[in-house]
K.L.:
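Questions regarding the structure given below will be posed in turn.
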Amino acid sequence: MSIVLEQVTVPETGYFEIEVKRGVEIVASAENAQRTANRWVMDNVSGMMHADAPTLTIGEQISWRVPIIFTATHVGAVGKVGTVDVDVQTGKLQN
């Protein structure tokens, strides 16, 4: 599993130090977040898109960032077209 830290300024070169201490209870699993995003995309956007494995994202809120993949029947997965964030505590879409 990957974790993304938002709003962290990183220098182009040189020494960089970061300390992160933040606690959160994960109620909605990554798998649950992917299912929620997939259901929303299929119902509201297109049947030619699906949700992929999410990344834990830490910013002002902690959420699962779920990539949305466009697919074509003759090619398969074409590429990522966007993301959907799912709250780790409530399991609800954030955007």
Side-chain angles (χ1 to χ4, degrees):
M1 170 189 326
S2 298
I3 297 176
V4 174
L5 299 174
E6 293 186 327
Q7 302 172 348
V8 175
T9 305
V10 179
E12 288 188 36
T13 61
Y15 178 76
F16 175 69
E17 185 175 307
I18 186 168
E19 184 175 321
V20 178
K21 184 173 183 175
R22 183 136 179 218
V24 65
E25 181 178 355
I26 296 176
V27 177
S29 69
E31 183 179 329
N32 194 15
Q34 185 175 349
R35 264 195 306 262
T36 299
N38 200 45
R39 189 175 321 113
W40 181 81
V41 167
M42 297 287 279
D43 291 347
N44 297 289
V45 183
S46 173
M48 294 179 67
M49 296 182 190
H50 70 273
D52 206 0
T55 300
L56 187 63
T57 305
I58 300 172
E60 286 187 33
Q61 295 185 319
I62 299 177
S63 61
W64 292 111
R65 180 148 300 150
V66 186
I68 304 303
I69 309 299
F70 175 72
T71 59
T73 53
H74 63 289
V75 197
V78 176
K80 180 175 134 180
V81 294
T83 60
V84 174
D85 288 353
V86 178
D87 188 281
V88 299
Q89 293 180 308
T90 65
K92 295 185 182 198
L93 294 173
Q94 292 183 327
N95 41 345

K.L.:
Verify the neighbour count for atom CD of Q89: are there more than 12 heavy atoms of other residues, nucleotides or ligands below 6.0 Å?
P.N.:
yes

K.L.:
Do you know the tightest heavy-atom contact between K80 and P67?
P.N.:
CD-CB, 3.9 Å

K.L.:
How far does OG1 of T83 sit from CD1 of I68, to the nearest 0.5 angstrom?
P.N.:
7.5 Å

K.L.:
For the CG atom of L5 and the CD1 atom of I18, what is their distance to the nearest 0.5 Å?
P.N.:
5.0 Å

K.L.:
Kindly give the heavy-atom pair with the smallest separation between P54 and A30, and that separation in Å.
P.N.:
CG-O, 3.4 Å

K.L.:
May I ask whether V10 and V20 are part of the same hydrophobic cluster, defined by side-chain heavy atoms of I, L, V, M, F, W, Y residues being less than 4.5 angstrom apart, directly or through others?
P.N.:
yes

K.L.:
V84 versus W64: any side-chain heavy-atom pair under 4.5 Å?
P.N.:
no

K.L.:
Between T71 (side chain only) and M48 (backbone N and O only), is there a donor and an acceptor less than 3.5 Å apart?
P.N.:
yes

K.L.:
Considering non-hydrogen atoms only, spot the tightest contact between S63 and Q94 and give its length.
P.N.:
CB-OE1, 3.2 Å

K.L.:
Please check if the side chain of N38 supplies one atom and the backbone of Q34 the other of a donor-acceptor pair under 3.5 Å.
P.N.:
no

K.L.:
With I69, which of V81, V41, D52 fulfils side chain to side chain contact (heavy atoms under 4.5 Å, CB included)?
P.N.:
D52

K.L.:
Sequence neighbours left out, what pairs pass side chain to side chain donor-acceptor pair (under 3.5 Å) with at least one residue falling in residues 9-18?
P.N.:
Y15-E17

K.L.:
Between A37 and V66, what is the shortest heavy-atom contact and its length?
P.N.:
CB-CG1, 3.7 Å

K.L.:
Quick one: side chains of residues 21-29, donor-acceptor pairs under 3.5 Å with protein atoms, not counting sequence neighbours, listed by atom name and distance.
P.N.:
from, atom 1, to, atom 2, distance (Å)
R22, NH1, G59, O, 2.5
R22, NH2, E60, O, 3.1
S29, OG, N32, N, 3.0

